[in-house]
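Throughout, protein chains are lettered first and strands after them, A, B, ... in sequence-line order, and every chain is numbered starting at 1. As the structure is a computational prediction, the values presented were derived from the model and not from experiment.
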Number of protein chains: 2
Amino acid sequence: MLEVPLSRAYGDKIPVTSIPDFQPLYKQVYAVFVRRISEGAWRPGQAIPSEQALARELGVSQGTVRKAMDTLASENLILRRQGKGSFVAEHTQEHALFRFFRLARPRPARERVTPQLGEETVRSRSANDVERARLALRKGARVVEIRRTRLIDGAPKVVEKIILPLGLFPGIDKQRTLPNTLYSLYQGVYGVSISVAKEELRAVRANKGDAKTLGLEPGTPLLQIDRVAVALDGQPVEWRVSRCDTRDIVYAVDVN
Amino acid sequence: MLEVPLSRAYGDKIPVTSIPDFQPLYKQVYAVFVRRISEGAWRPGQAIPSEQALARELGVSQGTVRKAMDTLASENLILRRQGKGSFVAEHTQEHALFRFFRLARPRPARERVTPQLGEETVRSRSANDVERARLALRKGARVVEIRRTRLIDGAPKVVEKIILPLGLFPGIDKQRTLPNTLYSLYQGVYGVSISVAKEELRAVRANKGDAKTLGLEPGTPLLQIDRVAVALDGQPVEWRVSRCDTRDIVYAVDVN
DNA sequence: CAGTGGTCTAGACCACTTA
DNA sequence: AAGTGGTCTAGACCACTGA
């Protein structure tokens with residue numbers, strides 16, 4: 001059932017300008033669908049109802065549902081298969097690994113590289129001020145700190161520090177093993193789907209720890225990726241700082 | 001007039017699978033529009049015909065034209081204004097500067113910074129092997145090398161080396177002054193519109209020249225952006241290597 | 001074969017711009 | 001008032017999937 005009724009303006013002789021914050025029908029429908037995914041009514045991997053069924057349920061035309069689902073698909077929130085149906089996207093697929101992991105070999109190959117997992121440590125503690133700012137946490141909130149190394153072609157190339165709010169991911173510090181793609185864990189176990197990641201890139205010097213882990217001289221330039229991942233509801237849910245040895249691999253972006 | 005007739009399959013009792021490389025109508029229409037822009041039949045800033053007029057001309061429905069134009073708009077190739085019409089995008093606008101210039105202040109501000117131009121040198125010479133590979137040039141082709149400094153808040157923060165095929169941009173080395181956004185010059189004077197830029201980011205050490213220009217110690221880590229810009233027809237038209245002092249500014253990306 | 005998403009059409013009405 | 005893009009509908013037919 002619909003939580004909030006759609007407000008239909010076009011075709012109802014109501015001047016749109018008289019409605020504050022008016023959104024066209026297809027955007028309202030889109031918002032309904034996002035809420036269903038983000039609140040778990042539609043679960044990752046599950047098939048969602050057909051366009052026709054949704055159109056009937058919401059009392060709109062199939063074209064309007066389709067336009068909303070086009071947007072969902074372009075944002076990788078759903079996956080559509082002609083003849084089969086539409087499915088809530090899972091972060092477990094290989095494509096999800098590469099969605100947020102943009103390291104690749106340099107030109108001319110430019111192929112994405114598949115990182116392996118190296119050493120890993122996990123502990124929980126109180127959040128410091130920077131962490132509270134990044135993750136919008138209250139004073140005294142607890143966080144989990146994960147540190148790990150990523151290998152490429154067997155050699156350590158990236159060190160990562162990952163900070164998670166323990167309140168959002170209870171017991172994650174007690175997991176025996178963490179997967180290569182944490183985002184599938186967030187989604188599968190905790191129902192948290194990442195919608196966008198905001199990254200800031202800098203060049204920094206390797207400190208002693210970086211240098212030892214990566215087998216470099218201290219002071220060697222590293223590419224630092226400072227990323228805050230945001231969930232479907234807009235809440236920041238992960239702060240991750242990766243430092244990469246970019247002598248053999250690069251961070252690849254296509255700007256449109 | 002249409003250069004190549006559209007091949008209509010749907011609705012013509014022709015099984016689509018029997019046509020090799022079949023593209024749906026709206027994609028064919030999209031390709032026609034891109035060609036018109038890339039070949040200059042529709043010029044930057046100019047209004048293009050209305051959806052109805054284009055639908056009549058091409059013998060398709062307005063909805064099909066709209067779908068093609070939706071794609072163009074999402075790629076920033078055209079600009080649509082309700083009540084006014086659709087216009088070929090110009091690279092002269094402020095938004096175009098930021099489209100390919102992604103340096104910003106760090107969180108929490110995260111606002112884009114507007115770079116000023118510092119020193120600049122321009123010379124032309126034969127392309128070396130790397131340049132020929134990057135720009136797909138023939139042996140003996142000539143290139144223009146532009147070196148310049150970009151200032152942020154008045155202080156030099158970025159050094160750039162820009163390599164252009166002289167064949168594509170004849171006389172560009174004789175221009176008195178080059179604009180801050182070269183892409184507007186490429187488009188306005190030479191009819192070359194950039195569709196995508198492929199960037200590779202690395203952390204590197206400042207060499208002596210970098211250090212002197214940026215007021216740093218040699219060896220200081222710099223963020224190196226290695227970018228090849230590609231025109232609408234798929235041809236690489238610019239190779240640019242920027243080295244940035246990222247102590248006060250960062251390269252900002254939002255990954256969806 | 002029925003059901004799904006993908007393509008395409010025709011037409012209505014709306015809001016915005018310009019004249 | 002006329003013309004533009006924006007929204008929305010209803011319906012046809014297509015290609016693909018799985019029973």
Side-chain angles (χ1 to χ4, degrees), chain A residues 6-33 46-74 77-89, chain B residues 6-33 46-74 77-89:
Chain A
L6 302 183
S7 80
R8 174 186 307 271
Y10 295 126
D12 264 9
K13 318 276 186 204
I14 303 173
V16 159
T17 37
S18 73
I19 308 175
D21 297 325
F22 171 75
Q23 291 287 99
L25 259 188
Y26 70 89
K27 286 189 184 170
Q28 300 179 49
V29 171
Y30 165 82
V32 168
F33 293 169
Q46 218 180 51
I48 68 184
S50 74
E51 296 178 355
Q52 290 288 1
L54 290 167
R56 273 194 307 275
E57 185 211 342
L58 301 180
V60 302
S61 79
Q62 189 217 5
T64 299
V65 169
R66 168 172 289 272
K67 190 155 182 178
M69 293 185 50
D70 280 346
T71 310
L72 291 175
S74 77
L77 289 182
I78 64 170
L79 227 136
R80 314 173 88 182
R81 298 262 192 79
Q82 192 174 15
K84 295 190 68 172
S86 298
F87 303 81
V88 180
Chain B
L6 302 183
S7 80
R8 175 185 307 270
Y10 295 125
D12 263 8
K13 318 275 186 204
I14 303 174
V16 159
T17 36
S18 74
I19 308 175
D21 297 323
F22 170 76
Q23 291 289 98
L25 259 190
Y26 71 90
K27 285 189 184 171
Q28 300 180 50
V29 171
Y30 164 82
V32 169
F33 293 169
Q46 217 181 50
I48 68 184
S50 73
E51 296 178 355
Q52 290 288 1
L54 290 166
R56 273 195 305 276
E57 184 210 342
L58 301 180
V60 302
S61 78
Q62 190 217 3
T64 299
V65 170
R66 167 172 290 272
K67 189 155 183 179
M69 294 185 48
D70 281 346
T71 310
L72 292 175
S74 77
L77 288 182
I78 65 170
L79 228 135
R80 315 172 88 182
R81 299 263 190 77
Q82 192 174 15
K84 295 190 69 172
S86 299
F87 303 81
V88 180

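Distances from the side chain of A:P24 to the nucleotides D:dC8, C:dG6, C:dT9 place D:dC8 closest. When distances are taken from the side chain of B:S61 to each of C:dG6, C:dA10, C:dT4, the shortest belongs to C:dA10. Picking from D:dT9, D:dG6, C:dT9 the nucleotide with the shortest atom distance to the side chain of B:L25 gives C:dT9. In the set C:dT4, C:dG6, C:dT7, C:dG6 carries the atom at the smallest distance from any side-chain atom of A:R80.
For B:S86, there are no side chain to side chain donor-acceptor pair (under 3.5 Å) partners two or more places apart in sequence or in a different chain. Under the side chain to side chain contact (heavy atoms under 4.5 Å, CB included) criterion, B:A53 pairs with B:P49, B:S50, B:R56, sequence neighbours left out. Partners of B:E51 according to the side chain to side chain donor-acceptor pair (under 3.5 Å) rule, which considers only residues two or more places apart in sequence or in another chain, are B:Q62, B:R66, B:R80.
The distance between atom CD of B:Q23 and atom P of C:dG6, rounded to the nearest whole Å, is 15 Å. The distance between atom CZ of A:R81 and atom P of C:dG6, rounded to the nearest whole Å, is 11 Å. Atom-to-atom, CZ of B:R56 to C1' of C:dT9 comes out at 16 Å; the value is rounded to the nearest Å. If you take CG of A:D70 and P of D:dT7, they are 13 Å apart, rounded to a whole angstrom. Across the protein-nucleic acid pair, B:Q52 atom CD and C:dA10 atom C1' stand 10 Å apart, rounded to whole Å. Nucleotide C:dG5 holds its C1' atom 11 Å from the CD1 atom of A:I48, rounded to whole Å. Between B:F22 atom CZ and D:dC13 atom C1' the separation is 13 Å, expressed in whole Å. Rounded to an integer number of Å, the gap from A:E51 CD to D:dC14 P is 18 Å.
Over its full length, the helix from C:dC1-D:dG18 to C:dT18-D:dA1 turns its helical axis through 0°, comparing axes from the five pairs at each end and rounding to 10°.
For the pair B:T64/B:K67, no side-chain contact is recorded, criterion being any heavy-atom separation below 4.5 Å from C-beta on.
Between A:V60 and B:M69, the one whose closest nucleotide on DNA chain D sits nearer the 5' end is B:M69.
Residues B:L58 and B:L6 share a closest heavy-atom pair of O-CD1, 4.0 Å.
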Are any protein N/O atoms closer than 3.5 Å to N/O atoms in nucleotides 17-19 of chain C? If there are, list each pair with its distance.
residue : atom : partner : partner atom : Å
C:dT18  : OP1  : B:K84   : NZ           : 3.2

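For C:dG6, its base sits under 3.5 Å from the side chain of A:R66 at one donor and acceptor pair at least.
Within the 4.0 Å cut-off from OP1 or OP2 of C:dC8, not a single side-chain nitrogen or oxygen of B:T64 is found. For D:dC8, neither phosphate oxygen OP1 nor OP2 lies less than 4.0 angstrom from any side-chain nitrogen or oxygen of A:Y26.
Interatomic distance, CG of A:L54 versus CE of A:M69, reported as 6.5 Å (0.5 Å rounding).
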For residues 23-33 of chain A, which side-chain donor-acceptor pairs fall under 3.5 Å, sequence neighbours excluded?
residue : atom : partner : partner atom : Å
A:Q28   : OE1  : A:S7    : N            : 2.8
A:Q28   : NE2  : A:S7    : O            : 2.9
A:Q28   : NE2  : A:Q23   : O            : 2.7
A:Y30   : OH   : A:E75   : OE1          : 2.6
A:Y30   : OH   : A:E75   : OE2          : 3.2

